[in-house]
Undergrad: 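Take this structure first; my questions come after.
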Amino acid sequence: MLSIEHLSKRFGENEVLKDINFQVRPGDVTSIIGASGSGKSTLLRCINLLESATSGKILFHGQNILSDHVNEAKYRAKVGMVFQSFNLFNNHTVLSNCMVGQIKVLKKPKEEAYDAALLYLDKVGMTSHINAKPHQLSGGQKQRVAIARALAMQPEILLFDEPTSALDPEMVGEVLDVMKALAKEGTTMLVVTHEMAFARDVSNHVVYMYDGKIEEEGEPKNLFSRPKSPQLKEFLSRFTKTDQSNDAT
Amino acid sequence: MLSIEHLSKRFGENEVLKDINFQVRPGDVTSIIGASGSGKSTLLRCINLLESATSGKILFHGQNILSDHVNEAKYRAKVGMVFQSFNLFNNHTVLSNCMVGQIKVLKKPKEEAYDAALLYLDKVGMTSHINAKPHQLSGGQKQRVAIARALAMQPEILLFDEPTSALDPEMVGEVLDVMKALAKEGTTMLVVTHEMAFARDVSNHVVYMYDGKIEEEGEPKNLFSRPKSPQLKEFLSRFTKTDQSNDAT
Amino acid sequence: MSISEMNFLQRMLYILEQYSGSLAKGAATTMVIAIVCTALGCVIGFAVGIVQTLEPKKKDNIFYKIILKVIKLLLTAYVELFRGTPMMLQAAFIYYGASQVFGLNLGMWQAAILIVSINTGAYMAETVRGGILSVDIGQTEGAKAIGMNHFQTMLSVILPQALRNIMPQIGNNLIINIKDTCVLSIIGTVELFFTFKSISGALYTYFEAATVILIIYFILTFVSSRILLAWENRMDGPVNFDLATTDTLAFTSGMMRFPRKAKRRK
Amino acid sequence: MSISEMNFLQRMLYILEQYSGSLAKGAATTMVIAIVCTALGCVIGFAVGIVQTLEPKKKDNIFYKIILKVIKLLLTAYVELFRGTPMMLQAAFIYYGASQVFGLNLGMWQAAILIVSINTGAYMAETVRGGILSVDIGQTEGAKAIGMNHFQTMLSVILPQALRNIMPQIGNNLIINIKDTCVLSIIGTVELFFTFKSISGALYTYFEAATVILIIYFILTFVSSRILLAWENRMDGPVNFDLATTDTLAFTSGMMRFPRKAKRRK
Amino acid sequence: QGKQEAPASQAKVLRVAMECGYAPYNWTQTTNANGAVPISGSKEFAYGYDVMMAKLITERLGYDLEIVKLDWDSLVPAVQSGTVDCVIAGQSITSDRMQMVDFTSPYYYASIVCLTNGDSKYASAKGISDLAGGACTSQLGTIWYDTCLPQIPNAKILPAQESAPAMLVALNSKRVDFICTDMPTAKAAIVAYPNMKILDFAGSNDDFAVSEEEINIGISVSKKNPELTKAINSVLDTLIVDDFNAMMESAIAVQPLSN
Ligand SMILES: Nc1ncnc2c1ncn2[C@@H]1O[C@H](COP(=O)(O)OP(=O)(O)OP(=O)(O)O)[C@@H](O)[C@H]1O
Ligand SMILES: Nc1ncnc2c1ncn2[C@@H]1O[C@H](COP(=O)(O)OP(=O)(O)OP(=O)(O)O)[C@@H](O)[C@H]1O
Ligand SMILES: [Mg+2]
Ligand SMILES: [Mg+2]
C-alpha cells in the first residue's frame, strides 16, 4: 500500500534521512522508534509531504507521490496525520474541527459531515465536548479530538508523530486506549512513539532509526528481546533503566 | 525548618488548597504526588509566595512568612525553585543565568558569582555550554541549568515542580540523576513529580494530594506498597497499568 | 453680544452654534473616510500579506516562480513607497497628477478613499504578514495534513486567527486614519480639520475653534476605540462552553486554566 | 534659462541646486527631531508601560494602592488624549497656549521635541505594555523565585526581552515621526515639509518641488528602516554559540532546531 | 502678558511673522541679495513686498527687525499669544477678524483678478458674467473665495485650497476652469505657468463688487498692544498708493521666479 524507496532528505549540509526503505501493508501497525534527532519526525513529514524529500520514491498504491503530476491535497486527504502538539484549529469548535476538512476538501454536504464527525467523536469519547474550543480541553482530550479529526477524513492510513509525549502521564492512557482500539479494528497505522509498551504490544512491525538510517526492523517480539545492533541495545536499556523500579510494584 | 499550618487557598469560588499541614526537616526529600488539578503546583507556588495563600501559616525557621513584616525577596532567595517549563532567562547566557541572581539579589562581587556559577554548572554537567543561550539547549540541558541557577543562590531548600514532565523520555534520566545526586548530598528538597520511581526510591517522605487536601502521607515504602485510601490505590494503579508491559522486559 | 466681548467659553459655544452644521458634516466625512478606508485597507493588507507569505515549492513551474517573485517585489515597493512618503503629497500626485498627465479625472471622494485606502493597505500589509506568521505553524500543518490547499488553509484556519491577533492594530489604524484624513484638504475634501481651518480663518478665533475640534476628535477616537475593544472581546467568545455532560477532568484542569491564562494576557 | 522655459526635470534640478542648503537643513531638522523624539518617546513609553503593569498585592499599604490607582488613571488619560487628538493642535496649545496662559516661553526646539516625544510616548506606552505582557510569565516567575524584586526583574529580565519584541514597532514609530514632524510648521519648525512649502510658494512649481521632497522622504525612511532592521538582527545575536567541548546531543536536536524556527518566524 | 512685550521694547526688536512662501509678498531665498533679511533661527533669508514693508516700518520706528517664519495656520495664534508682535503676510482685513485682532491701516490695495488656462473657453472672458457656470476655487479664508467667487452666476465653487501653490495646481491640472486671486499673485503665477492667462476686469462694469475696505491688506497686531498699531499706522499714513505699487513692482522684479 505504502512503499518507501531510497528516500533521503537533507537540510542544507545536514543529511537527516539516508536511503530509507520500508513498506506498509494494509492493516499493518508499524512503530518507528529511535533517539531524539534520528529523523523519525522528518520521515513522517516526508511521507505526508509536509517536507519535500531530496530524492527517492514514495509509492502509494504503486504511484510515486513525489512525481509532478500528483494532486497533493487529494493524497494528503487519504493519509491522516496526528501530531505531538495536536494542531487542532484554535478558531473552530471540536465539532467544526472534525467537519471542516470533510466539507472543504471532500466536498461533503454539511449533514453528512456532521454525522461522520459525531460518529468519530463518539469513537474517541468526546461527544460531550463538541461545542468546546480547543483551549478549553485538556491535552488528552485534544489529542483524542485530533484523532477523530483525522478519522473523519476516512484516510487509508494514519500517521502518528509521538501522539502522547506532550501529555501529562495520567492522560497518556486515554489516548493509547483509543489507538489500541483503532489497531484492533484493522486501521493501517504508522506510529512514531517513545512508548515502548505500545510499540511492543500493539504493533506488528517495529522500525528502529539511528542517525537518519533504518538500523534495524522486524517483529516487535524479536526486536525487543533480541536486539542485534549495539545502538538499539543501548537505546532500549535507557528505557528499562528508568522504569526498572516500577517492576517491583 | 519549613512548616505549613492550616494553609488554604481559593481562586474565586474554587477552593484549591484545603487546610494543608505538613513539615519539612533539614535534609528531607519530600515528594508530592497526586492527580492533575489536585493542587500540587499551587501548594509549591504558595510556599514560594508566587501565589498568596488565602489563610494559614507558612513557618520558615519558626517565622511566619505570610505576616506583613517579612522581606519577600530575601525569603525567596533562600527557597530555590525549579519549574516544569525551566523559565531560564532567555536574554541571558547559561553562565549569566546563574550569575545574575547572585549579583543583583545577594550583591556578590562578579568574580565570586562567576566562581559559584561555574561550580554549580559543573555539578550539573553543563560547563561546556556556558556561552549558550537557552534556546540553543535541549530540554534536559535547560532543566540542568535551571537547577544550577537555583543552587547558585545557595538556598536552604529547593522546590521542584514536575522538573521532568516537559522533557523527552530520553532526557528525563539526566535530570533525575542530578536530583538524586543532590539528595545524596543532603540537600533539602520538596519535589512535585509524576515519576513514581523517584518518589519511591529517592525521597524519604511522600505526600499524596487529592482534591486540594493531603489525603495520605508517610514513608515511601509503606505508601506505595500499602496505600490506605481508595483514591491513592486508584492513582497508583494508573501508573502500573501503563508500565506493566515493561515488567517483562 | 459681539464676539470680541465674549469670554473663551462663550466663543466656543458661539462657534458650536454657528457652525454646528459644518462641524457635523466635517466629522461625518472624516468618520466615513476613516472607516471605509480602514476596511478597504484591511482587504488590501490581507491580499498583499497573503501573497507575501506564499512560498513557491521546488517542484513548481518556473514561470510561476518568476511571476511570484516579480509580484512580491512590486508589492514590497508599494509598501515601502507608500509608508515612506507623506500622504499629502501622494494625494496631490494621485489627484492632480492623474488628471494632468493622464487626463484621468477622479472624483474627489473616489480619490480620497483611494488614497487613504492604499496608504492603510501599505501599513496593514506588514501587520497582516506579522499576524499570519504569528499563528502557530502547527495550524498550517494541521490543515495541510487533512488535504486543504493554501487558499482553504488561509481562509478557514489562518486568517480568522490572524485577524483576531491584529485587531488591536486595526483599531490603531482606524484612529490614525481619523486624524490623518486632514491631509486630504489638499484635494478639497471638507473633513473635520478643514472645517476647523475655515472657522479659525474666518473668525480668527484659533484657540476656541481648536478646543472645540479637539473635543470632537477626542470623542470620535475614544468612542471608536471603545467599540473596537468591545468587538475584540466579543470575538473571543464565551469563556465557558456548554458541556453535554459534566466531565470533572476537563473542569478542574482543562477549563479552569483558560481564564487564568487569559487574565494574564490582558 | 528662465524657469518658465525649463522642463520638469530641469526644474527639479534647478530646485535642488538653488535650495540644496534649505533642503539639507530641513531634512536634518526632521531627522534630528524624529530620532530624538522616538528615543525619548520610548523612554516615556517604557516608564508608563512599567507603571501600567504594576499590580498591587493584597498585603500592600492602602495608600500605595490608592496612589497607584490614581497614577494609572492619569496615565491612561494621557495616553488616550494624546493618541486621540491631532498633533498639530496639541502643538499649538502647548506652544502658544503656554505662552498666552502661563507666560511660559518655550523655545521652538524645546517645544518641538516635547510635543513629538510625548506623542510618541503615548503610542509607545501601549506598545510597551503589550511587549511586557508578551514576555512569558514564566520569565517573571523565574526571576521572582530567585528573589529579585519587581524593579530588578523588569530591568534584568523582562525589559530586554520586551525591547526585542517591540523593535519593529519602534521602527514604525520612527518612520511615522519622520513624516509627522511636518505638523510642527505650526510652531515655526522649519523641517522638510515646511521647506517644501517655501519652495513651492516662492517658485510656484508644486509638482517639481513635491517630487524632490518625495524622493528625499523616501530615502530618509528607507535608510532608517534598513538600519533598524540590521540592528534588530544584531540584537538576535549569533545563531550558534561557542561550545567549550562538542556535545552531539545539543548539536542534533537542541541547536539545529533554532534556525528552523527562526526561519519560519521571519 | 506685560512680560512678553518687555523683551520686545527693551531690545527694540520687532518680531514679524510671515510664511516666507508666498511670492511676491514674501519668500525664502538662500542669500541676502537685494537686502533680504535673515530668518530667525536659520541661515536663510526672507524677502518680498512684506519684508520691504517691515524694513521700512522698523527703520522709521527705530526697531530691529526679526523675521519669524511661520505656517499660514499659525499666524493668528502666534500674534494672539504674543509669540510675535505682528503679522505682515498679505492678510485681508475683514470685520470678523477685527473682532479678534487689531489691524493697521492697509499697506497694500490689491486688485482682484482671475486666472485661467490659455486654452480654456474662459480665456476670452470680458467680465464675470462670461465666467458663468465655471468650476472654480481659491484660497481658504480669503475674500477671493468668500466674497468674489459667489458673485459669479451659477459658478461651481469647489472647496477652498489651503495655499496659493495648491490653488495653481488645481487650475493647471484642469480640475477647475479658473481661480480668483490678486494681481501680484497672478503675475507671479504666470512666470511658473506661462500658459496661464490673467483675466483683469478692472474698469469694466462687469467686475467683482467688493467694498473698498475688504480688498485692503493689513498688518495684524494683538489687541493687547494698541501702541504698536498706532506706531505702525503713523508710518503707513505717510505712504500713498503709488508708493505701494512702486514697492510691489520692485518686489516682483526680484522674486526668485524672475531669475
Ligand atoms: N527544518 C529543518 N531545518 C534544519 N534541520 C532540521 C529541520 N527539521 C529537522 N531538522 C534536523 O533533522 C534532524 C532530525 O530531526 P527530527 O525532528 O526528524 O528527529 P526526531 O527523530 O523526530 O526527534 P524527536 O524524537 O526529538 O522528535 C535533527 O537533527 C533536526 O535538528
Ligand atoms: N490562577 C488560577 N486561577 C484559577 N484557578 C487556578 C489558578 N491556578 C490553578 N487553578 C486551579 O487550581 C487547581 C489546582 O491547580 P494546580 O496547578 O495546583 O494542580 P496540579 O496538581 O499542579 O496539577 P498538574 O499535575 O496538572 O500540574 C486546578 O483546578 C486549577 O485549574
Ligand atoms: Mg520528532
Ligand atoms: Mg502542576
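Residue numbers start from 1 in every chain, and the chains themselves are labelled A, B, ... in the order their sequence lines are given, proteins ahead of strands.
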Undergrad: For E:Asn172, is it the side chain, the backbone, both, or neither that has a heavy atom closer than 4.5 Å to a heavy atom of chain C?
TA: both
Undergrad: Minimum heavy-atom separation for E:Ala160 and C:Phe194, please, with both atom names.
TA: O-CZ, 3.1 Å
Undergrad: Taking all atoms of both residues into account, what is the closest heavy-atom pair of E:Gln161 and C:Ser185, and its distance?
TA: OE1-O, 4.4 Å
Undergrad: Report which part of E:Val101 has an atom under 4.5 Å of a heavy atom belonging to chain C: side chain, backbone, both, or neither.
TA: side chain
Undergrad: Taking all non-hydrogen atoms of both residues into account, name the closest pair between E:Asp96 and C:Ala202 and its distance.
TA: CB-O, 3.3 Å
Undergrad: Around atom NZ of C:Lys25, are there more than 12 heavy atoms from other residues, nucleotides or ligands closer than 6.0 Å?
TA: no
Undergrad: Does atom CH2 of C:Trp109 have more than 12 heavy-atom neighbours, drawn from other residues, nucleotides or ligands, at distances under 6.0 Å?
TA: yes
Undergrad: Which of the residues E:Pro77, E:Gly141, E:Ser163 is involved in the greatest number of heavy-atom pairs with chain C at under 4.5 angstrom?
TA: E:Pro77
Undergrad: By a 4.5 Å heavy-atom criterion (distance strictly below it), what part of C:Leu106 contacts chain E: side chain, backbone, both, or neither?
TA: both
Undergrad: Does any non-hydrogen side-chain atom of C:Arg11 lie less than 4.5 Å from one of E:Gln99?
TA: no
Undergrad: At a 4.5 Å cut-off on heavy atoms, which part of C:Met6 comes close to chain E: side chain, backbone, both, or neither?
TA: neither
Undergrad: Any chance you could measure E:Lys223, atom NZ, to C:Tyr204, atom OH, to the nearest 0.5 Å?
TA: 12.5 Å
Undergrad: Contact part of E:Leu140 toward chain C, heavy-atom cut-off under 4.5 Å: side chain, backbone, both or neither?
TA: side chain
Undergrad: How many angstroms lie between atom CD of E:Gln80 and atom OH of C:Tyr206, to the nearest 0.5 angstrom?
TA: 10.0 Å
Undergrad: Distance-only, no hydrogens or angles: does the E:Arg175 side chain make a donor-acceptor pair with backbone N or O of C:Ile187 under 3.5 Å?
TA: no
Undergrad: Without swapping roles, check the side chain of C:Ser99 against the backbone of E:Ser173 for a donor-acceptor pair under 3.5 Å.
TA: yes
Undergrad: Please find the pair of heavy atoms, one from C:Leu203 and one from E:Met100, that lie closest to each other, and give the distance.
TA: O-CG, 2.8 Å
